[in-house]
Amino acid sequence: MEYHDKEFCLEVWGPLACFTRPELKVERVSYDVITPSAARAIFEAIFWKPAIRWQITRIEVLNPIKWINIRRNEVGAVASAKKNASPIFIEEKRQQKNSLMLRDVRYRLYAKLVFIPKQNRKYLDTRNPEIDREEAELLHKDENPGKYNAMFERRASKGQCFNQPYLGTRECAASFRLVLPESEQLTPPINETRDLGLMVYDKDFENNPEDPNAMFYRARMENGVINVPLKDSEEVLK
């Protein structure tokens with residue numbers, strides 16, 4: 001059987017975004033635009049199953065790139081889930097940090113829903129999002145890429161999601177809508193070209209699920225459009 005990967009498009013936006021640069025750990029500084037991993041997380045928040053993966057293909061920047069500097073309180077410790085763990089006293093662990101974030105962002109994200117046949121599923125994610133009865137019945141009868149495509153389209157068109165999509169960090173909530181490029185008149189991306197430098201691509205969960213290594217790629221925006229290479233491309237540095 002041949003498996004055809006269908007491409008979908010989402011428009012996402014929000015008042016704040018922060019796609020943190022890993023080389024700057026003390027205080028958060030965002031990349032200029034959304035990373036492929038953050039874009040993938042938005043699609044997964046709407047629909048994900050062990051039988052599929054999302055491959056981001058293109059990012060279109062719709063709003064001018066604008067910045068905002070925010071100072072906020074953070075807790076410099078992580079609470080333990082163990083029963084007898086010591087509590088965290090916020091007053092003792094509170095830290096003031098600056099964050100250089102993006103504001104008033106809007107993107108058009110293109111991604112392919114890649115179906116993974118059972119015999120090729122080397123890596124099984126531990127997430128198990130709940131699905132409704134209709135989806136469970138569809139999967140019980142037969143598993144094929146067309147049904148997964150229909151599930152995503154239905155969920156995205158209704159604004160359904162397993163968890164609230166976010167723009168880099170969870171406090172930056174994202175709104176979204178399904179875009180139908182073949183039938184809609186789309187707003188053109190910004191008229192700007194720039195070299196965005198080395199950017200986080202994603203993490204290599206397939207080869208090392210317990211402690212995945214980061215992958216990077218050289219991002220370039222041409223007239224507001226960033227073409228994202230395939231995961232196995234030579235352009236992706238592992």
Side-chain angles (χ1 to χ4, degrees), residues 10-46 48 54 56 59-81 87-109 111 127 161-176 189-190 192 194-205 208 210-221 224 226 228-229 231 236-238:
L10 290 177
E11 187 171 328
V12 300
W13 64 93
L16 290 173
C18 186
F19 310 107
T20 308
R21 292 178 176 269
E23 67 269 25
L24 302 172
K25 295 182 178 179
V26 177
E27 295 183 336
R28 294 182 184 273
V29 177
S30 177
Y31 284 111
D32 294 18
V33 298
I34 189 171
T35 61
S37 58
R40 170 187 56 77
I42 293 174
F43 279 89
E44 287 186 348
I46 299 169
W48 180 88
W54 288 102
I56 304 300
I59 296 168
E60 296 181 356
V61 183
L62 304 182
N63 281 358
I65 299 172
K66 296 184 288 187
W67 300 88
I68 184 170
N69 198 350
I70 295 177
R71 177 173 290 183
R72 54 186 176 175
N73 292 325
E74 295 185 5
V75 178
V78 179
S80 175
I88 294 176
F89 296 98
I90 294 177
E91 295 299 330
E92 297 177 1
K93 299 293 183 180
R94 179 177 290 156
Q95 302 172 350
Q96 270 203 343
K97 291 187 177 182
N98 288 323
S99 297
L100 185 58
M101 308 173 73
L102 299 167
R103 62 185 179 92
D104 300 328
V105 301
R106 185 178 291 267
Y107 305 107
R108 207 157 39 230
L109 310 176
R127 288 167 295 177
C161 51
F162 291 123
N163 54 270
Q164 177 64 48
Y166 53 89
L167 296 162
T169 57
R170 291 190 181 275
E171 60 266 36
C172 300
S175 301
F176 70 90
I190 61 174
E192 185 175 344
R194 67 168 76 174
D195 188 345
L196 300 170
L198 206 61
M199 179 181 288
V200 167
Y201 181 86
D202 211 321
K203 288 194 172 183
D204 192 6
F205 289 102
N208 190 358
E210 300 299 326
D211 186 20
N213 295 320
M215 299 183 289
F216 296 84
Y217 81 114
R218 186 82 183 213
R220 180 170 177 79
M221 181 171 66
I226 303 167
V228 181
K231 180 172 66 70
V236 178
L237 307 177
K238 301 180 181 179

**Message:** Do V33 and I226 make a side-chain contact, defined as non-hydrogen atoms from C-beta onward lying under 4.5 Å apart?
**Reply:** yes
**Request:** To the nearest 0.5 Å, tell me how far I46 CD1 sits from N163 CG.
**Result:** 10.0 Å
**Request:** Would you mind listing every side chain to side chain donor-acceptor pair (under 3.5 Å) that reaches into residues 28-38, with sequence neighbours excluded?
**Result:** T20-R28, D32-R194, T35-S37
**Message:** Run the salt bridge (charged side-chain N to carboxylate O under 4.0 Å, His left out) test against K238 and tell me which residues pass, sequence neighbours left out.
**Reply:** D232
**Item:** Nearest heavy-atom neighbours spanning M101 and C18
**Value:** CE-CB, 3.7 Å
**Request:** Answer yes or no: is there a donor N or O on one side and an acceptor on the other, between the side chain of Y201 and the main chain of K231, under 3.5 Å?
**Result:** yes
Side-chain donor-acceptor pairs of residues 60-70 under 3.5 Å, sequence neighbours excluded:
| from | atom 1 | to | atom 2 | distance (Å) |
| --- | --- | --- | --- | --- |
| E60 | OE1 | R108 | NE | 2.8 |
| E60 | OE1 | R108 | NH2 | 2.7 |
| E60 | OE2 | R58 | NE | 3.3 |
| N63 | ND2 | D104 | O | 3.0 |
| K66 | NZ | D104 | OD2 | 3.4 |

Enumerate, atom names and distances included, each donor-acceptor pair closer than 3.5 Å involving a side-chain atom of residues 166-175, sequence neighbours excluded.
| from | atom 1 | to | atom 2 | distance (Å) |
| --- | --- | --- | --- | --- |
| E171 | OE2 | R72 | NH1 | 2.4 |
| E171 | OE2 | R72 | NH2 | 3.3 |

**Fill in**
Rounded to the nearest 0.5 angstrom, the CD-CG distance for E23 and L198 is 8.5 Å
**Request:** Report the distance from atom CD1 of I59 to atom OH of Y107, rounding to the nearest 0.5 Å.
**Result:** 8.5 Å
**Request:** List the atom of G224, the atom of P189, and the distance in Å for their closest heavy-atom pair.
**Result:** O-CB, 3.7 Å
**Asked** Considering only heavy atoms from C-beta outward, does the side chain of L102 approach that of F19 to under 4.5 Å?
**Response** yes
**Prompt:** Do you know which two heavy atoms are closest between D204 and P212, and how far apart they sit?
**Reply:** O-CB, 3.5 Å
**Minimum heavy-atom distance between V236 and P229, given as atom pair plus value** = CG2-CG, 4.0 Å
**Item:** Listed partners of D202 passing salt bridge (charged side-chain N to carboxylate O under 4.0 Å, His left out), at least two apart
**Value:** R40
Without placing hydrogens or testing angles, list every side-chain donor-acceptor pair under 3.5 Å for residues 214-221, not counting sequence neighbours.
| from | atom 1 | to | atom 2 | distance (Å) |
| --- | --- | --- | --- | --- |
| R218 | NE | D195 | OD1 | 3.4 |
| R218 | NH2 | D195 | OD2 | 3.0 |
| R220 | NE | E222 | OE2 | 2.7 |

